[in-house]
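For the single chain, residues carry numbers from 1 onward in sequence order.
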Amino acid sequence: MVKGFEQAQKFGRSFMLPIAILPAAGLLLGIGGSLSNPETVKAYSFLDIFFLQSVFKIMSASGSIIFSNLAPIFSIGIAVGLAKSDKGTAGIAAFIGYLVMNATIGVLIDMSGKAESFSSGSVGLILGIKTLETGVFGGIIVGILTYYLHNRFNRVDLPKVLGFFSGSRFVPIVVSFSSIFLAVIMFIFWPFVQNGINKVGGLVDSTGYIGTFIYGISLRMLGPFGLHHIFYLPFWTTGLGGSVIIDGKLIEGTQNIFFAELAAQGTNRFFIGTSRFMSGRFITMMFGLPGAALALYYTAKREERTKIFGLLMSSALTSFLTGITEPLEFSFLFVAPILYVVHATFDGVAFMLAHILQITIGQTFSGGFIDFILFGILQGNSKTNWLLVPAVGIVWFFLYYFTFLFLINKFDFKTPGRTQDLNSKDFSNSKNSEFEKNYATKVVIGLGGASNIVELDCCATRLRITVRDALKVSEKILKKTGAKGIIIKGNGVQVVYGPGVSVLKNEIEELLDN
């Protein structure tokens, strides 16, 4: 299980690079697609200005092209995220491998003369190449293949006559040839996989509201381990999340379908899968967790409330605006795990309610107020039922507030402000402390020193590190640097800092390089 956690952590963090571009693409498509939609222009005549519509259409096209090419983006992102060194070469090799795989599949389709025998929508154009619609799965497979070959051959030493192709230059070559064989395998087996995915998607649909509840609670329970990306991504980007033909093209995955419908003309109602795999987040992140934050504040000691107000307020606001919940969740997860179990259960019920009420608000990254405006309010209530979110949300706010209030007082959980020893007190309250003088250095020391760090990466809120010796990691030092949570499984370490963690990761990388 420990080794499994380490490998899953590596795989999960590799998703973050391609996922990180989705909010920007979603904003472009959300604003541009909404404000250039003929129905919107008809309803709001002041938008019917040539210059404005030109800008909005450009924004829509700019966002749409990203979602149309997620597969090659994921192939590059995963190869870069998993590679231990020379990540640029890994990314280029992955893109080359993706092109070669699809070009080879296209030739095989023509040679077989059986293009018509494939199920509807399973053959299409990707980057101008006729090929099988392998979707994001195809990109992920190429990315993993490239990672394996890159780590094995990026230091290969060829005979002198071929010395120019030694090392990193050999990687694109071996990836290209390997992608030909991968294409043959995909051509033979992918149609069966496609049918299997469709059947699994049908099974999820057949479980109805209970299946949606299980999806929601599972997603939240995987959050502390940083493995939730692995769980929800197949539903968002592959046939597991449903498939629909839009403008003559097969679109797979809830998020892909939502944004394709957003860009398409004449969409009267968004795909119901959106309510199952996305919309419930808005209820929890915008309303439920802020209610929990208020309960944490009122259960704190009176003399400690001033100290924790900033922590809880910023965490609640982050959850409300952006849907990033870790800063708040980790303030009670480790001191009162039962609260997190209750939170996960409520979140599962929120997903189920969104499904029952057919709330179809999509999202780019998480269920915060920004996405709520773009993909809920601006799309109109007739398409999304967005008015039901605040109606349910108010109930959810008080449900979280009174439940957390009761449980904290009943079991005397040592949540923030109920003890004298706040994790980040020594660091955050001392402007002249040595920790503040060289923040990245102290984090490295807390991780056991530079020589103990094998791999370093981050997701939206946490550092993800592979270390040589987990016993050298000092939780005490890391907590003094402001860490909100620390998870150690084998040699896999995750340290939760909050939304600004990518800056810290870059500072640590520069420190290690020097």
Side-chain angles (χ1 to χ4, degrees), residues 20-70 236 244-249 251 254-275 278-283 285-287 290 317-324 354 357-394 397 499:
I21 69 170
L22 298 186
L27 288 172
L28 288 169
L29 180 56
I31 296 172
S34 300
L35 300 183
S36 64
N37 188 291
E39 296 300 322
T40 304
V41 175
K42 184 178 178 180
Y44 305 100
S45 58
F46 64 86
L47 295 174
D48 193 11
I49 300 173
F50 177 78
F51 174 75
L52 282 179
Q53 288 303 305
S54 299
V55 171
F56 293 146
K57 288 177 181 178
I58 290 172
M59 293 174 66
S60 178
S62 299
S64 180
I65 195 66
I66 300 298
F67 287 97
S68 299
N69 292 284
L70 283 180
W236 282 21
V244 175
I245 294 179
I246 300 174
D247 293 336
K249 184 177 181 181
I251 309 295
T254 293
Q255 189 179 61
N256 295 340
I257 292 170
F258 177 82
F259 283 105
E261 290 179 332
L262 191 68
Q265 303 295 325
T267 299
N268 296 318
R269 186 76 183 173
F270 289 118
F271 177 57
I272 190 62
T274 309
S275 68
M278 288 186 171
S279 302
R281 284 183 158 189
F282 294 97
I283 297 171
M285 295 174 177
M286 290 173 53
F287 296 94
L317 194 60
T318 298
S319 177
F320 178 81
L321 290 177
T322 69
I324 294 175
L357 299 174
Q358 297 187 17
I359 300 170
T360 53
I361 307 173
Q363 57 191 255
T364 56
F365 178 72
S366 211
F369 187 63
I370 296 173
D371 279 6
F372 180 71
I373 291 176
L374 291 176
F375 308 123
I377 295 176
L378 290 180
Q379 306 311 315
N381 189 64
S382 61
K383 288 184 182 180
T384 63
N385 279 339
W386 68 264
L387 284 171
L388 294 176
V389 172
V392 176
I394 292 172
F397 178 90

Looking only at heavy atoms, what is the nearest atom pair of [X] and [Y], with distance?
| X | Y | result |
| --- | --- | --- |
| Asp247 | Ala264 | OD2-CB, 3.9 Å |
| Phe271 | Thr360 | O-CG2, 3.7 Å |
| Ser382 | Arg269 | O-NH1, 2.8 Å |

For the atom pair [atom1] ([X]) and [atom2] ([Y]), what is the distance rounded to the nearest 0.5 Å?
| X | Y | atom1 | atom2 | result |
| --- | --- | --- | --- | --- |
| Ile257 | Leu262 | CD1 | CG | 13.5 Å |
| Ile49 | Gln53 | CD1 | CD | 8.5 Å |
| Phe56 | Phe51 | CZ | CZ | 9.5 Å |

Practice item. Could you walk me through whether Thr384 and Phe375 pass the side chain to side chain contact (heavy atoms under 4.5 Å, CB included) test, one step at a time? Key: CA-CA 8 Å; Thr384 63; Phe375 308 123; over 6 Å; no
Exercise for review: Taking Ser279 for its side chain and Ile359 for its backbone only, find out whether a donor-acceptor pair lies under 3.5 Å.
Suggested key: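 Flag set: sc Ser279 to bb Ile359 pair under 3.5 Å.
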**Study point:** Whether Gln255 side chain and Gly362 backbone form a donor-acceptor pair below 3.5 Å
**Key:**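 Checking the backbone N and O of Gly362 against the side chain of Gln255, no donor-acceptor pair under 3.5 Å is found.
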Exercise for review: Could you go through the side chain to side chain contact (heavy atoms under 4.5 Å, CB included) check for Ile251 and Phe259 one step at a time?
Suggested key: CA-CA 10 Å; Ile251 309 295; Phe259 283 105; over 6 Å; no
Exercise for review: State, yes or no, whether a side-chain contact exists between Phe287 and Val392 at a heavy-atom distance under 4.5 Å.
Suggested key: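 Counting from C-beta outward, Phe287 and Val392 never come under 4.5 Å.
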Point to revise | Side chain to side chain, Phe372 and Trp386, heavy atoms closer than 4.5 Å | key: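 Contact flag for Phe372/Trp386 side chains = yes.
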